[in-house]
Amino acid sequence: MAIGRQPSQVRFEDPVGLLGDRLKGIYRLLAEDGAVLFGDDYFADLYTRSRKGRPTIPARVVATVMVLQSYEGLSDTDAVERLGRDLGWQAAAGVHIGYESFHSTVLVGMRNRLRASERPKRLLEDTVAAARESGVMGTRARVVDSTAIFDAVATQDTVTQLRSAIRRVLGVLRPEWSAKARAVLRRDDDYATPGKPPCDWDDRATKEELVDALVRDTLAVLDVLDGVELTASEADAVEVLAVVAGQDVDRDDDGRFKIVQGVARDRMISTVDPEARHGHKSRNRRFDGYKGHIVIDPDSEIIEDVTVTPANAADQDALGDLLAGLAEVADKPVVFADCAYGAGQTRHDMAEAGFDLRAKVPPTVRREGRYSKDDFGIDLDAPAVTCPAGQTVTIKYGKDGSGRADFSSHCGGCPRRGACTTAAAGRVVTIHPHERLLQAAKAAQADPGWQAEYRGTRPKVERKIAHITFRQHGGRRARTRGAVRVMTDLVTRAAAVNLGRLATLGVTYDAGWQRAGP
């Protein structure tokens with residue numbers, strides 16, 4: 001594929017004139033200003049090593065199809081077909097009625113080139129730049145949150161993972177090393193077909209024998225390849241094999257390998273997508289795949305940035321990527337977030353980075369109605385803690401900055417003990433290393449003014465997440481495998497949502513991006 005040029009002459013078969021006022025929203029914005037957003041040189045940097053060939057497809061056409069594909073949640077094939085028969089798409093792309101579309105593999109190639117470029121997020125970054133230039137974006141505050149992105153592969157059990165990992169290694173190894181690896185295999189299996197091996201799954205002894213044999217084949221292959229200089233693809237496959245060989249199995253007293261009980265904290269859930277993980281949005285809501293993190297401007301509801309992490313990553317781990325550069329734009333900008341971002345260490349890190357974090361402190365546990373930590377009076381200046389029965393204990397601090405207030409000497413005859421603790425030794429209150437920040441945050445969030453601002457600002461990110469996940473594919477459900485590819489889809493989806501928002505706000509280009517009206 002080469003870069004094309006947009007014709008300057010308007011043909012008679014103009015879809016914009018034909019549709020008239022029926023062309024609205026993102027389609028009208030792209031029709032009127034798409035040439036500004038996606039000029040002929042928009043993707044020029046992606047072709048610095050490929051100057052041969054006759055230019056064929058204008059950058060505006062390809063970029064528009066990528067954005068509208070994500071906006072409507074279409075596959076590559078459906079998107080290029082839509083360009084060839086939908087007047088709204090043809091108007092947005094700046095082509096004539098009856099335009100003959102290109103092959104869907106062009107979209108695959110463009111995404112690959114974008115990922116490898118110095119500006120892989122350009123589709124989103126340029127919508128943000130237009131919003132800033134038009135004046136609709138503010139600098140006083142941002143809102144952050146995350147959402148689940150379901151993976152595009154099936155979660156595999158231990159047996160399937162072990163066999164699939166061996167099969168993959170044998171498939172990518174150079175012939176001489178593949179032959180050596182096959183020579184050490186002991187199972188009667190050529191590992192040529194996908195899926196589980198045949199087994200009497202109702203017979204526990206037979207299943208255990210299969211697991212032991214698979215692990216021994218795995219370790220034998222790893223032993224053969226130990227110290228061998230591998231190619232990148234070979235090394236990746238061997239790394240996956242090593243992970244699955246150790247994450248779910250252990251050797252028992254008889255020397256046999258068995259599946260261990262429980263789930264490893266960072267368990268690889270599929271050899272097809274090694275980066276996907278188990279995740280939890282709440283105690284009872286589990287999902288497999290990734291987390292998409294977004295930051296928005298609450299004034300304009302423009303998505304400023306996005307990033308992707310494995311599903312088991314903590315929400316606060318993405319703050320550095322999301323808020324990079326914001327502290328340079330505003331003096332101590334305010335960041336609104338839910339209680340998932342309210343831990344003491346997160347507050348400390350955000351304050352050190354120059355942000356004013358407005359997030360509720362995670363609620364303390366009140367087991368079976370007994371007193372929680374919030375029912376105790378904590379005086380960090382004393383330093384001491386007073387229990388609901390009026391007993392005061394000095395806080396004893398450790399080297400890491402955390403502390404303990406031990407009430408065991410007062411709990412023996414206390415009439416309130418049943419409402420406080422069931423511990424035989426009595427009640428102990430722990431003091432967080434950043435307890436002062438947590439106590440200050442609790443006091444602040446009790447203020448009606450703080451609550452009103454929080455309720456009026458933070459929920460806006462929930463609405464924006466709903467816009468992103470409205471389309472299943474490319475929004476809530478990943479179309480591809482691997483965090484980098486999932487990120488490409490999320491960036492494009494965010495760009496499409498932003499363009500729709502710019503159209504709603506009346507932003508147009510006239511010697512610069514500006515908002516129409518007073």
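The model shown is predicted, which means the values in this text are computed figures rather than measured ones.
- By the ring-ring contact (aromatic ring centres under 6.0 Å, His included) test, Phe38 pairs with Tyr42, sequence neighbours left out.
- Side-chain N/O atoms of Arg115 and Asn112 include a donor and acceptor closer than 3.5 Å.
- When only modelled atom types and interatomic distance are considered, Gln161 and Gln247 share a side-chain donor-acceptor pair under 3.5 Å.
- The shortest non-hydrogen separation linking Tyr290 to Ala276 is OH-N, 3.5 Å.
- In summary, Asp45 and Arg122 engage in a salt bridge, as defined by a charged side-chain N under 4.0 Å from a carboxylate O.
- Partners of Thr271 under the side chain to side chain donor-acceptor pair (under 3.5 Å) rule, at least two apart in sequence or in another chain, are Gln156.
- With Arg479 as reference, Asp489 is the one residue of Asp151, Asp78, Asp489 to meet the salt bridge (Lys or Arg N to Asp or Glu O under 4.0 Å) rule.
- Salt-bridge formation is detected for the pair Asp374/Lys442: a Lys NZ or Arg NE/NH1/NH2 atom is positioned less than 4.0 Å from an Asp or Glu carboxylate oxygen.
- By the 4.0 Å N-to-carboxylate-O rule, Asp76 lies close enough to Arg111 to be salt-bridged with it.
- Not a single side chain to side chain donor-acceptor pair (under 3.5 Å) links Thr492 to another residue, sequence neighbours left out.
- Residue pairs meeting the side chain to side chain donor-acceptor pair (under 3.5 Å) criterion with at least one partner in residues 86-95, sequence neighbours excluded, are Glu72-Trp89.
- Considering all non-hydrogen atoms of both residues, Ala478 and Val486 come closest at CB-CG2, 3.9 Å.
- Without hydrogens or angle criteria, Arg132 side chain to Met137 main chain gives no donor-acceptor distance under 3.5 Å.
- Taking the ring-ring contact (aromatic ring centres under 6.0 Å, His included) definition, one finds that Phe376 meets it with Phe407, sequence neighbours left out.
- A donor-acceptor pair under 3.5 Å links the side-chain atoms of Arg28 to the main chain of Leu23, judged by distance alone.
- Counting heavy atoms from C-beta outward, Tyr454 and Gln445 have side chains that stay 4.5 Å or more apart.
- Within a 6.0 Å radius of NZ in Lys360, other residues, nucleotides and ligands contribute 12 heavy atoms or fewer.
- Here Arg142 does not pair with Asp305 in a salt bridge; the nearest charged N to carboxylate O distance is not below 4.0 Å.
- Between the side chain of Lys121 and the backbone N or O of Val491 there is no donor-acceptor pair closer than 3.5 Å.
- Take His348 and apply the ring-ring contact (aromatic ring centres under 6.0 Å, His included) test, not counting sequence neighbours, and it matches His434.
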